[in-house]
Amino acid sequence: MAKATSWSKPVTKALRAEGVRVRDIDTAATPGFKGDKKAGEALLADRAEVLSDLQEKLYANGRSGDTRSVLLVLQGMDTAGKGGIVRHVIGSVDPQGVDHAAFGVPTAEERKHHYLWRIRKKLPRGGQIGVFDRSHYEDVLVVRVHDLVAPDVWGKRYDEINKFERKLVDDGTTILKVAMFVSLDEQKKRLQQRLDRPDKYWKFNPGDIDERAFWPQYQEAYQAVLDRTDTEYAPWYVLPCDHKWYARLAVTELLIDALQSIKLDWPPADFDIDEQKKRLAKA
Ligand code: ADP
């Protein structure tokens with residue numbers, strides 16, 4: 001059976017965004033992992049259990065009034081596999097402990113407000129793992145690429161986002177941000193599948209084909225995100241996603257690391273254990 005030692009270095013180091021050039025990312029790489037797909041899948045089965053136990057501890061503490069939480073931000077190119085991460089990684093933990101939110105094109109109501117308004121409403125409560133499928137980063141990605149607001153408006157957002165995240169961390173949220181990349185060839189294959197397979201039609205959006213032409217502009221926008229919003233308190237991880245098994249394993253490990261860094265114990269009993277045992281024996 002594969003062991004955690006299949007990693008040649010901790011995933012937090014292998015994927016850290018610091019110094020990454022977006023145009024040079026090898027999307028087929030499996031940074032830090034020595035094994036193949038089979039080893040990766042076997043390890044994932046083990047590690048999903050570890051994640052699930054840690055999540056239960058976070059949840060249990062939340063039930064006892066602990067306000068700490070975890071926020072996983074998933075940003076990525078179309079077809080990079082955000083949905084797969086949610087199903088396969090987040091799907092391995094108790095759904096009661098997950099606050100999931102997907103952010104699409106803002107609604108008329110959302111457009112009336114500051115771009116962080118809809119984000120604030122979906123922040124994880126104490127004891128929860130929040131998962132953002134897209135996020136406030138759309139407001140410096142698609143918005144920047146398509147000139148949806150003027151440059152001096154989106155230009156101010158990087159600092160604003162840093163401040164926003166700083167406050168969240170100070171208030172007890174552990175943030176990890178994952179930028180997911182596939183090659184344009186792999187993206188084409190995945191879009192082709194969505195056109196070939198009836199079980200995938202629902203995922204197909206004709207606009208995704210148009211977005212391919214904007215990849216250089218997206219690369220630039222992602223580079224600015226990594227350069228300006230990768231902070232020690234809310235780090236970005238750059239995830240190569242051509243291999244889905246690797247992406248899922250890596251995010252599992254990142255979440256395990258985040259939860260372990262919180263150093264959780266089981267909440268103490270708020271009742272007299274001996275007394276309750278005696279009562280139960282007689283009941
Ligand atoms: P998905 O493509 O992830 O399945 P949706 O189709 O519901 O999800 O919505 C995603 C689309 O919404 C993407 O094209 C994304 O760029 C867009 N989007 C998300 N946030 C914003 C935003 N703040 N402004 C404009 N477009 C946005």
Side-chain angles (χ1 to χ4, degrees), residues 22 27 71-91 98-123 130-162 164-165 177-182 184 186-195 197-226 228-229 236 239 241 244 247-248 251:
V22 171
T27 56
L71 176 61
L72 170 67
V73 172
L74 298 173
Q75 272 299 150
M77 299 169 70
D78 293 318
T79 76
K82 297 187 298 294
I85 296 291
V86 173
R87 267 193 311 283
H88 295 273
V89 178
I90 305 304
V98 176
D99 276 341
H100 172 265
F103 296 98
V105 177
T107 61
E109 165 87 37
E110 287 169 348
R111 271 200 300 273
K112 286 190 214 143
H113 296 270
H114 188 269
Y115 68 98
L116 292 174
W117 180 76
R118 64 175 183 165
I119 304 294
R120 286 201 170 93
K121 288 205 301 183
K122 301 284 184 179
L123 290 170
V131 182
F132 281 0
D133 177 342
R134 303 183 190 272
S135 66
H136 41 300
Y137 286 98
E138 291 289 330
D139 293 281
V140 283
L141 288 167
V142 65
V143 165
R144 170 177 168 151
V145 168
H146 290 292
D147 298 317
L148 301 182
V149 299
D152 66 319
V153 177
W154 58 251
K156 294 196 184 89
R157 292 181 174 170
Y158 301 95
D159 290 343
E160 195 170 40
I161 287 172
N162 286 337
F164 169 67
E165 293 180 350
K177 304 181 295 198
V178 179
M180 302 173 63
F181 296 96
V182 281
L184 278 180
E186 180 63 25
Q187 186 186 61
K188 196 169 199 169
K189 271 190 223 151
R190 293 183 184 184
L191 289 172
Q192 185 70 50
Q193 267 198 348
R194 292 180 182 185
L195 290 170
R197 287 178 43 179
D199 62 324
K200 302 241 179 207
Y201 294 161
W202 67 276
K203 289 191 192 177
F204 184 75
N205 170 5
D208 293 350
I209 297 180
D210 302 316
E211 287 307 277
R212 288 169 60 78
F214 290 94
W215 182 226
Q217 289 92 320
Y218 272 106
Q219 280 183 321
E220 213 177 296
Y222 270 103
Q223 190 67 56
V225 162
L226 298 184
R228 300 192 57 185
T229 65
W236 273 108
L239 185 64
C241 289
K244 291 179 182 172
R248 292 166 189 175
V251 175

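When reading the values below, keep in mind they use all heavy atoms of this one structure, side chains included, and skip hydrogens, waters and symmetry mates. Just so you know, ligand 1 is whichever comes first in the structure, and atom 1 is the first atom listed for that ligand.
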Please say whether more than 12 non-hydrogen atoms of neighbouring residues, nucleotides or ligands are located less than 6.0 Å from NZ in Lys203.
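Yes, NZ of Lys203 has more than 12 neighbouring heavy atoms, counting only those of other groups under 6.0 Å.
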
What pairs with Asp199 under salt bridge (charged side-chain N to carboxylate O under 4.0 Å, His left out), at least two apart in sequence or on another chain?
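Per chain and number, Asp199 pairs via salt bridge (charged side-chain N to carboxylate O under 4.0 Å, His left out) with Arg197.
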
Please tell me if the side chains of Thr27 and Glu186 come closer than 4.5 Å, counting only heavy atoms from C-beta onward.
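A side-chain contact under 4.5 Å is absent here.
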
Around ligand 1, what residues show up once you keep those with a heavy atom under 4.0 Å from it?
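For ligand 1, the residues that come within the 4.0 Å heavy-atom cutoff are Phe103, Gly104, Val105, Pro106, Arg118, Arg134, Glu138, Asp139, Val142, Val143, Leu148.
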
Going by salt bridge (charged side-chain N to carboxylate O under 4.0 Å, His left out), name the pairs with one or both residues in residues 130-141, residues two or more places apart or in two chains.
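Checked against salt bridge (charged side-chain N to carboxylate O under 4.0 Å, His left out) - neighbours excluded - the pairs reaching residues 130-141 are Asp78-Arg134, Arg134-Glu138, Asp139-Arg157.
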
With ring-ring contact (aromatic ring centres under 6.0 Å, His included) as the test, pick out the partner of His136 among Trp154, Phe164, Phe103, Trp117.
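Looking at Trp154, Phe164, Phe103, Trp117, the match for His136 under the ring-ring contact (aromatic ring centres under 6.0 Å, His included) is Phe164.
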
Indicate every side-chain donor-acceptor pair of residues 142-151 with a distance under 3.5 Å to a residue at least two apart or in another chain.
{"residue": "Arg144", "atom": "NH1", "partner": "Tyr158", "partner atom": "OH", "Å": "2.9"}
{"residue": "His146", "atom": "NE2", "partner": "Glu211", "partner atom": "OE1", "Å": "3.0"}
{"residue": "His146", "atom": "NE2", "partner": "Glu211", "partner atom": "OE2", "Å": "3.0"}

